[in-house]
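FYI, the numbering just counts along the sequence from 1.
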Amino acid sequence: MHAFSHSTTATSAAIAVPPSLALPVIEAAFPRQLHPYWPRLQEKTRTWLRDKRLMPADKVEEYADGLCYTDLMAGYYIGATDEVMQAIADYSAWFFVWDDRHDRDIVHGRPVAWRRLRFRLHAALDSPEDHLHHEDPLVAGFADSMVRLYAFLPGTWNTRFARHFHAVIEAYDQEFHNRTEGIVPTVEEYLALRRLTFAHWIWTDLLEQSAGHELPDAVRKHPVYRRAALLSQEFAAWYNDLCSLPKEIAGDEVHNLGISLIKHDGLTLEEAVAEVRRRIEECISEFLVAERDALQFADDLADGTLHGKELSAAVRACVCNMRNWFSSVYWFHHESGRYMVDSWDDRSTPPYVNNEAAGEK
C-alpha cells in the first residue's frame, strides 16, 4: 500500500526524501489527510483503467497502484462524496495517461496522431455522450469522465470547466510544437504556459465539486480567493518541475522552469535547482498569508442568512483543500513510480507507458 491510513506524518517520515527536494515546512506545517474512501477508490480506478483500455492489463496490474494517482487525489479533495471522489480520481488517472500519450507522440514523431487526438478531445469535451464508444480508448475514457463530472453541478459550472479544458488542450498543442522544434520558452513564457498545461484552473474548479457547491463569480474571482488558489497550484507545478528535472533532461524536454532558467538566464544546473527551490519556498510563505486572508473572506460571507452560511462553508472547504494540495503533491512525488527514473531500464522511457499510437503499430 502506498497511502497512509491516518492523518499523521508518521509514515511519511519513513520515506527517504532527497535533501535537494526536502521541504521541512511541508513536512512540519502541512499534515497529510486522506479521503476515507481511498482503499475502494484505488481498487475502482485500477479496474476503470483496465476496463476502459487506458493501460494494458499487465501494466495496470504491475504499475497502477505504485503510480499513486488515487493517493494524490484522495489527499486533496477531502470532503467530497464517494461518487464525486471516484469521478475526480478516474479523470485524474485519465489525465496522466493523456500526458503520457502526448509525450510518446512527440518522442516517436507522430504529429498526425496528436492532431487527430487534439480535435477529438475538443469534440468530446463539448458532447461527451456522443463519444462514449469512440474507437480511441483515450477519447472514450475522457468522454466517460466528462459525463460523470458534468452530472454534479449546474450547467454553468460545466461550461466553465469545458472552457478551461479547451485552453489546456491548446496549451498541450503549443508544448507539442515547442518540443518538436526544440524551442525552450523564456521563463515568463513558460510560467504562463505552465498554468495551462498543469491545468491550474481545472483542479481549482474541481474544488467546488468536492464542496458540493458552485461558487458565484464574485467569490471565485475575488482577489483573495484567487490568490490562494493560484499559489497552491503554482507550488504544485514548480515542485513537479524540481522533482522531474532529471527525467525531463533525460527525455530531451524543453518545458521545465529549471530548463528555462538554464537556457535563458544563463544559470548552471545547480543554480537553477536553487532558484526553483527559492521560488517554491517563497510560494509556500505567500500561501500561508493568502490562506489566512481567504479564510477570513469565507467567514465574512456568513451574513446571517442560510445562503451566506452555505457559501461561507463552501469557500472554507475549498481553501482548506488548497492547503491539502501542498502535502498531497509533496508526498506523491516521493511515493509515485512516475518519478523513480533511476529504477527504469531506460531513463527516457517510462516502463508503464504504451508506446503505440491509437490504431497504429
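Closest approach of Ser327 and Pro31 over heavy atoms only: OG-O, 3.8 Å. Between Leu242 and Ser20, the closest heavy-atom pair is CD2-O, 4.0 Å. When every heavy atom of Ala294 is checked against every heavy atom of Ala228, the shortest pair comes out as CB-CB, 4.2 Å. The shortest heavy-atom contact between His334 and Cys243 is CE1-SG, 4.3 Å. When all heavy atoms are compared, the tightest approach of Ala211 to Ala317 is CB-CB, 4.2 Å. Contact record, Asn158 with Leu153: OD1-O, 3.9 Å, taken as the closest heavy-atom pair.
Side chains of Glu27 and Tyr330: a donor-acceptor N/O pair is present below 3.5 angstrom, by distance only. Between the side chains of Asn324 and Tyr77, not a single donor N or O lies within less than 3.5 Å of an accepting N or O. Side-chain contact check for Gln86 and Tyr37: at least one donor-acceptor pair (N or O, by modelled atom type) lies under 3.5 Å. Defined by atom type and a distance below 3.5 Å, a donor-acceptor pair is present between the side-chain atoms of Asp90 and Thr45. Remark: the Asp144 side chain and the Trp48 side chain contain an N/O donor-acceptor pair separated by less than 3.5 Å. Inspection of the Trp38 and Asp71 side chains reveals an N or O donor paired with an N or O acceptor under 3.5 Å.
Remark: Lys263 NZ is loosely packed, at most 12 non-hydrogen atoms of other residues, nucleotides or ligands lying under 6.0 Å away. A 6.0 Å sphere centred on CD of Glu170 holds more than 12 heavy atoms belonging to other residues, nucleotides or ligands. In this structure, Arg118 places its CZ atom where more than 12 heavy-atom neighbours from other residues, nucleotides or ligands lie under 6.0 Å away.
The pair Glu281-Arg278 does not count as a salt bridge, with every side-chain nitrogen at least 4.0 angstrom from each carboxylate oxygen. At a threshold of 4.0 Å, the pair Arg32-Glu335 counts as salt-bridged, since one of the basic side-chain nitrogens sits closer than that to a carboxylate oxygen. Between Arg46 and Glu61, none of the side-chain N atoms (NZ, or NE/NH1/NH2) sits under 4.0 Å from a carboxylate O, so this pair counts as no salt bridge. A salt bridge links Asp299 with Arg316: the closest approach of a Lys/Arg side-chain nitrogen to an acidic carboxylate oxygen falls below 4.0 angstrom. Using a 4.0 Å cut-off between charged side-chain N and carboxylate O, Glu275 and Arg279 make a salt bridge. Salt-bridge check for Glu43 with Arg40: passed, with a basic side-chain N closer than 4.0 Å to an acidic carboxylate O.
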> Could you go step by step and tell me if Arg160 and Glu208 meet the salt bridge (charged side-chain N to carboxylate O under 4.0 Å, His left out) rule?
Replying inline: CA-CA 12 Å; Arg160 186 212 317 160; Glu208 296 167 56; 2.6 Å; yes
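Residue Ile88 is not grouped with residue Val147 when hydrophobic side chains (ILVMFWY) are merged at heavy-atom distances under 4.5 angstrom, including chains of intermediate members. Hydrophobic clustering, with ILVMFWY side chains joined whenever heavy atoms are under 4.5 angstrom apart, keeps Leu34 apart from Ile78. A single hydrophobic cluster is seen to contain both Phe142 and Phe176, as judged by linkage of ILVMFWY side chains at heavy-atom distances under 4.5 Å, directly or through other members. Linking ILVMFWY residues whenever their side-chain heavy atoms come closer than 4.5 Å, directly or via other members, places Trp238 and Leu269 in the same cluster. Residues Trp94 and Leu132 do not share a hydrophobic cluster, clusters being chains of Ile/Leu/Val/Met/Phe/Trp/Tyr side chains in contact below 4.5 Å.
Less than 6.0 angstrom separates the ring centroid of Phe287 from the ring centroid of Phe326. A centroid separation of less than 6.0 Å is found between the aromatic rings of Phe95 and Trp203. Aromatic pair Tyr239/Phe332: ring centres not closer than 6.0 Å.
Looking at Thr159, its side chain does come within 3.5 Å of a backbone N or O of Gly155 through a donor-acceptor pair. A distance-only check finds no donor-acceptor pair linking the side chain of Ser312 to the backbone of Leu301 [under 3.5 Å]. Remark: side-chain polar atoms of Gln296 are not paired, donor with acceptor, to backbone N or O of Asp293 under 3.5 angstrom. A donor-acceptor pair under 3.5 Å is absent between the side-chain atoms of Glu181 and the main chain of Ile183, judged by distance alone. Remark: side-chain polar atoms of His177 are not paired, donor with acceptor, to backbone N or O of Asp173 under 3.5 angstrom. Listed for the Glu214 side chain is a donor-acceptor partner under 3.5 Å among the backbone atoms of Trp157. Listed for the Trp325 side chain is no donor-acceptor partner under 3.5 Å among the backbone atoms of Gln233. At distances below 3.5 Å, not a single donor-acceptor pair connects side-chain atoms of His200 with backbone N or O atoms of Leu196. Side chain of His35 to backbone of Ala80: a donor-acceptor contact under 3.5 angstrom is found. Between the side chain of Glu234 and the backbone N or O of Cys283, no donor-acceptor pair lies under 3.5 Å.
The structure places CD of Gln209 at 5.5 Å from CG of Leu149, a figure rounded to the nearest 0.5 Å. Rounded to the nearest 0.5 Å, atoms CG (Leu41) and CG (Asp82) are 9.0 Å apart. Residue Glu253 holds its CD atom at 8.0 Å from OG of Ser244, rounded to the nearest 0.5 Å.
With sequence neighbours excluded, the residues satisfying salt bridge (charged side-chain N to carboxylate O under 4.0 Å, His left out) with Glu286 are Arg227. Checked against salt bridge (charged side-chain N to carboxylate O under 4.0 Å, His left out), Asp241 has the following partners two or more places apart in sequence or in another chain: Arg194. Under the side-chain hydrogen bond (donor to acceptor under 3.5 Å, both in side chains) criterion, His264 pairs with no residue, sequence neighbours left out. Judged as a side-chain hydrogen bond (donor to acceptor under 3.5 Å, both in side chains), and not counting sequence neighbours, the contacts of Asp303 are Thr305. For the side-chain hydrogen bond (donor to acceptor under 3.5 Å, both in side chains) test, no residue two or more places apart in sequence or in another chain qualifies with Asp51.
Within the structure, ring-ring contact (aromatic ring centres under 6.0 Å, His included) contacts touching residues 205-226 (residues at least two apart or in different chains) are His222-Phe297.
Residues Asn256 and Asn240 fail the side-chain proximity criterion, which asks for heavy atoms closer than 4.5 Å. Annotation: side chain of Ser260 is not in contact with side chain of Thr186 (no heavy-atom distance under 4.5 Å). No side-chain heavy atom of Arg101 sits less than 4.5 Å from a side-chain heavy atom of Val353. Side-chain contact between Arg292 and Leu288 is absent, with no heavy atoms from C-beta onward closer than 4.5 Å. Put simply, the side chain of Pro137 does not reach to within 4.5 Å of the side chain of Lys52, judged on heavy atoms. Side-chain contact check for Arg50 versus Met55: every heavy-atom pair is 4.5 Å or farther apart. Between Asp103 and Arg179, the closest side-chain pair of non-hydrogen atoms falls below 4.5 Å. At a threshold of 4.5 Å between non-hydrogen side-chain atoms, the residues Arg338 and Asp99 count as touching.
In this structure, Arg148 fails the cation-pi test against Tyr91, since its NZ or CZ atom is not both closer than 6.0 Å to the six-membered ring centre and inside 45 degrees of the ring normal. A cation-pi contact links Arg226 to Trp201, judged by a cut-off of 6.0 Å to the six-membered ring centre and 45° from its axis.
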